[in-house]
Amino acid sequence: MDIPIPHGIFAIMKIHFFGAARTTTGSMYWIEVNGKNILMECGLFQGHRQESEALNHELPVVPGKLDAVLLSHSHLDHAGRLPRLCQGYDGPIHCTSATRDLCSIMLMDSAHIQEQDALFVSKVRARKKMPPVSPLYTRKDAEKCVQQLKPHGYEQTFEVVPGVQVTFREAGHILGSAQIILDVQEKGRRFRHLFTGDIGRGGDELLRDPQPVENVDYLQIESTYAARLHKQRPDADNLTGQMVKSALQAGGKVIIPAFSVGRTQQIVYVLHELICAGKLPRVPIFVDSPLSVNATEIYNHHSESLRPDIRDTLCNQEDPFGMKNLTYIASAEDSKKLNDRHEPMVIISASGMCEGGRIRHHLKNNLEDEKNLVLFLGYCAEGTLGNQLIAGKKSVNIFGEPHTVRAQVASLDTYSGHADKDELANYVKRLSGDIKVIACIHGEETQCLAHAETLRAMKPSAKIVVPAYKQVLEI
Ligand SMILES: [Zn+2]
Ligand SMILES: [Zn+2]
């Protein structure tokens with residue numbers, strides 16, 4: 001269903017919650033301000049396949065009527081529907097420079113997956129004499145979209161539409177991630193609206209810490225882990241070391257499903273440190289994802305988004321993302337060859353939620369052997385294969401066939417790119433200003449509601465809301 005975007009001057013800024021409302025994926029917020037239309041984020045819905053597909057195909061805004069698009073970071077749940085939007089939108093998509101570079105590879109990769117999926121579904125339909133389906137978007141759409149990405153530096157304020165100034169501030173969640181500060185002048189009143197995007201934990205090995213924002217009037221805050229606590233980092237590194245070591249010593253393989261961008265670079269770095277400290281044997285490590293190869297290059301090129309002390313490590317002077325026993329695999333042929341090798345090894349592959357990519361082949365080949373370890377390091381949305389494995393399912397379907405789970409499955413949320421309950425509370429404490437309204441978004445419903453409770457206790461004078469899909473907030 002399309003909701004037409006009306007024209008005319010509004011005295012009140014309105015935010016329409018078109019995604020990541022009482023759920024984590026599909027981030028999309030349409031802002032009406034000063035008679036202009038801004039779209040903040042344009043992400044994919046993920047998990048629960050059929051439901052997500054229907055939501056992804058529906059574009060609740062009229063692309064041609066938008067004046068500008070703002071993007072906090074390159075993860076697909078925030079950027080993954082941009083090529084679809086750009087089928088009808090020709091204007092700028094404002095983001096940081098590292099986000100532009102990461103999007104240029106991630107959106108092309110996503111388009112390739114969309115094309116492959118459509119091809120597969122069309123083949124199945126052809127057997128039933130049904131017409132083919134077309135992909136959500138193609139590589140051509142993604143190419144056009146990438147041309148529209150307009151890079152900005154952190155802390156460089158720019159006017160996005162008349163009366164709305166935008167500044168990107170470090171969010172510490174993934175390379176290039178930003179909080180979006182909107183300074184609005186509307187009908188003689190001025191206010192500051194802060195959209196957190198996804199907020200990192202701080203203390204990350206690679207990324208800078210999220211930075212506080214001053215003079216906030218309205219806050220739109222993520223809630224992914226608002227009711228949970230993560231383990232502390234040093235414990236996690238030791239735990240990772242112990243788990244990986246014992247699987248390798250038993251002669252098993254360690255399979256790590258990880259997003260190609262961010263988590264892969266982080267775990268490579270952690271394994272590197274553990275090996276240098278003598279806590280892990282120098283077994284072969286494979287990063288099996290073509291996207292990771294390019295993403296790692298982009299990490300190397302954007303030192304402005306990384307910790308300044310990143311190279312002061314145990315493995316001083318060595319490439320933090322490379323070591324002698326590490327192999328990056330780009331070709332599908334080399335990826336298949338891993339199946340014929342039976343010595344202990346670590347395979348890092350995407351996608352992190354196991355919804356697509358080569359990780360599904362590695363799981364298919366390794367889940368049934370009890371010597372192996374499958375180690376999850378990130379968030380897996382409800383309904384995804386990763387989520388089923390973490391939940392302890394004894395049999396899972398991969399490529400339409402059931403597989404018994406005999407391998408050990410472990411999940412560590414310490415390497416999460418998202419702040420936990422206490423870290424979110426600390427983040428809010430560091431914001432200054434008289435906050436009038438807080439909208440809790442980007443979390444499963446239980447997390448958003450719990451977040452609202454915590455914030456009510458912290459900010460008794462603020463109105464706390466948990467918007468539902470398509471709800472409108474007037475500011
Ligand atoms: Zn993210
Ligand atoms: Zn997100």
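Positions are given from 1 along the sequence. All figures in this text were calculated on a predicted structure; none of them were measured in a lab. One-based numbering, in listed order, for ligands and for the atoms of each.
- Residues P467 and C440 approach most closely at CD-O, 3.4 Å, considering heavy atoms.
- A cation-pi contact, defined as under 6.0 Å to the ring centre and within 45° of the axis, is absent between R22 and F17.
- Put simply, H78 gets within reach of the Zn ion (ligand 2), with an N, O or S atom under 2.8 Å from it.
- Remark: of the listed residues H173, H73, H418, H75, H418 is the sole one forming a ring pair (Phe, Tyr, Trp, His ring centres under 6.0 Å) with H442.
- The angle D198:OD2 - the Zn ion (ligand 2) - H442:NE2 amounts to 100°, with values rounded to 10 degrees.
- At a cut-off of 3.5 Å, with distance as the only test, a side-chain donor of D237 or Y415 sits close to an acceptor on the other residue.
- When distances to the Zn ion (ligand 1) are checked against a cut-off of 2.8 Å, H418 contributes no N, O or S atom below that limit.
- Looking at D77, its N, O or S atom nearest to the Zn ion (ligand 2) turns out to be OD2.
- For H75, the N, O or S atom closest to the Zn ion (ligand 1) goes by the atom name ND1.
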field: V466 and I441: CA distance, side-chain angles, deciding distance, side chain to side chain contact (heavy atoms under 4.5 Å, CB included) verdict
entry: CA-CA 7 Å; V466 181; I441 46 126; over 6 Å; no
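- When you scan the N, O or S atoms of H73 for the one nearest the Zn ion (ligand 1), you land on NE2.
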